[in-house]
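Along the sequence shown, residues are numbered consecutively beginning with 1.
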Amino acid sequence: QVQLVESGGGLVQAGGSLRLSCAASGRTFSGAAMGWFRQAPGKEREFVAASSGRGAITYYADFVKGRLTISRDNAKNTVYLQMNSLKPEDTAVYYCAADWSRVIPTTRDEYEHWGQGTQVTVSS
């Protein structure tokens with residue numbers, strides 16, 4: 001059974017940084033495309049970033065604009081989201097997701113497995 005557990009969220013001031021982690025278990029991690037999504041109150045869950053199984057391919061939402069970086073350590077079965085220059089509009093619950101059937105999915109419907117989410121709050 002696949003399990004995804006996010007951590008690293010919290011409260012940070014605008015301009016600050018956070019690094020989110022997502023630890024995976026239950027299946028060969030290097031075979032999974034991993035993605036990060038976020039959901040702000042009253043809004044739809046939106047795509048943030050994705051990484052192919054070995055990290056050779058990454059893809060970002062337009063709003064990232066170089067502030068967020070996805071990376072992974074397959075030896076630790078963990079994917080990260082480094083978030084810099086945070087803005088109040090980045091406030092949301094951040095979710096990681098995994099899929100073993102696509103190279104680099106970028107939509108919510110393409111991911112099969114989801115974590116429980118971690119709250120990120122950016123104060124102005």
Side-chain angles (χ1 to χ4, degrees):
Q1 181 178 358
V2 173
Q3 286 192 319
L4 303 175
V5 180
E6 300 99 332
S7 60
L11 174 64
V12 63
Q13 289 188 331
S17 299
L18 281 175
R19 188 176 81 156
L20 306 183
S21 300
C22 173
S25 62
R27 200 166 169 180
T28 305
F29 184 69
S30 61
M34 298 297 296
W36 285 98
F37 290 72
R38 69 184 188 183
Q39 187 166 16
K43 295 188 176 182
E44 294 288 320
R45 192 172 300 187
E46 64 177 351
F47 170 77
V48 175
S51 168
S52 61
R54 297 195 181 278
I57 304 171
T58 56
Y59 191 79
Y60 295 93
D62 289 342
F63 65 79
V64 168
K65 295 182 179 178
R67 299 184 301 117
L68 280 61
T69 303
I70 188 170
S71 63
R72 62 194 294 161
D73 185 339
N74 286 349
K76 296 182 179 180
N77 291 350
T78 302
V79 63
Y80 305 97
L81 185 67
Q82 177 67 45
M83 303 191 294
N84 300 326
S85 302
L86 284 164
K87 307 174 182 180
E89 50 264 43
D90 293 318
T91 295
V93 177
Y94 284 71
Y95 298 89
C96 72
D99 184 78
W100 273 264
S101 62
R102 297 171 179 86
V103 175
I104 187 160
T106 60
T107 66
R108 181 178 178 179
D109 291 344
E110 291 179 298
Y111 283 90
E112 183 177 3
H113 303 280
W114 292 84
Q116 82 290 348
T118 185
Q119 176 70 47
V120 171
T121 303
V122 184
S123 62
S124 58

Colleague: For a quick test of reading the model, state the closest non-hydrogen atom pair linking A50 to P105 and the distance between them.
Modeller: CB-O, 3.5 Å
Colleague: Can you measure from OG1 (T91) to CD (Q119) and round to the nearest 0.5 angstrom?
Modeller: 7.0 Å
Colleague: Can you name the residues that form a salt bridge (charged side-chain N to carboxylate O under 4.0 Å, His left out) with E89, not counting sequence neighbours?
Modeller: none
Colleague: Could you pull out all residues at least two apart from F37 that satisfy ring pair (Phe, Tyr, Trp, His ring centres under 6.0 Å)?
Modeller: F47, Y111, W114
Colleague: Can you list every pair that meets side-chain hydrogen bond (donor to acceptor under 3.5 Å, both in side chains) and has a residue in residues 3-22, with sequence neighbours left out?
Modeller: E6-Q116, S17-N84
Colleague: Please list all pairs meeting disulfide bond (SG atoms under 2.5 Å apart) that have one or both residues in residues 20-111, counting only residues at least two apart or in different chains.
Modeller: C22-C96
Colleague: Tell me the salt bridge (Lys or Arg N to Asp or Glu O under 4.0 Å) pairs involving residues 44-60, sequence neighbours left out?
Modeller: R38-E46
Colleague: Report the hydrophobic cluster partners of F29, with the cluster defined as I, L, V, M, F, W, Y residues connected by side-chain heavy atoms closer than 4.5 angstrom, directly or transitively.
Modeller: V2, L4, V12, L18, L20, M34, W36, V48, Y60, F63, V64, L68, I70, V79, L81, M83, L86, Y94, W100, V120, V122
Colleague: Only counting residues at least two apart or in another chain, list the ones meeting side-chain hydrogen bond (donor to acceptor under 3.5 Å, both in side chains) with T58.
Modeller: none
Colleague: Taking only residues two or more places apart in sequence, or in another chain, which ones meet S30 in a side-chain hydrogen bond (donor to acceptor under 3.5 Å, both in side chains)?
Modeller: none
Colleague: Please, which pairs that meet salt bridge (Lys or Arg N to Asp or Glu O under 4.0 Å) have at least one residue in residues 56-74, sequence neighbours excluded?
Modeller: R67-D90
Colleague: Could you tell me which residues satisfy side-chain hydrogen bond (donor to acceptor under 3.5 Å, both in side chains) with S123, sequence neighbours excluded, listed by chain and number?
Modeller: none
Colleague: Which pairs count as salt bridge (Lys or Arg N to Asp or Glu O under 4.0 Å) when at least one residue sits in residues 104-118, sequence neighbours excluded?
Modeller: R102-E110
Colleague: Which value, rounded to the nearest 0.5 Å, describes the distance between S51 atom OG and I104 atom CD1?
Modeller: 6.5 Å
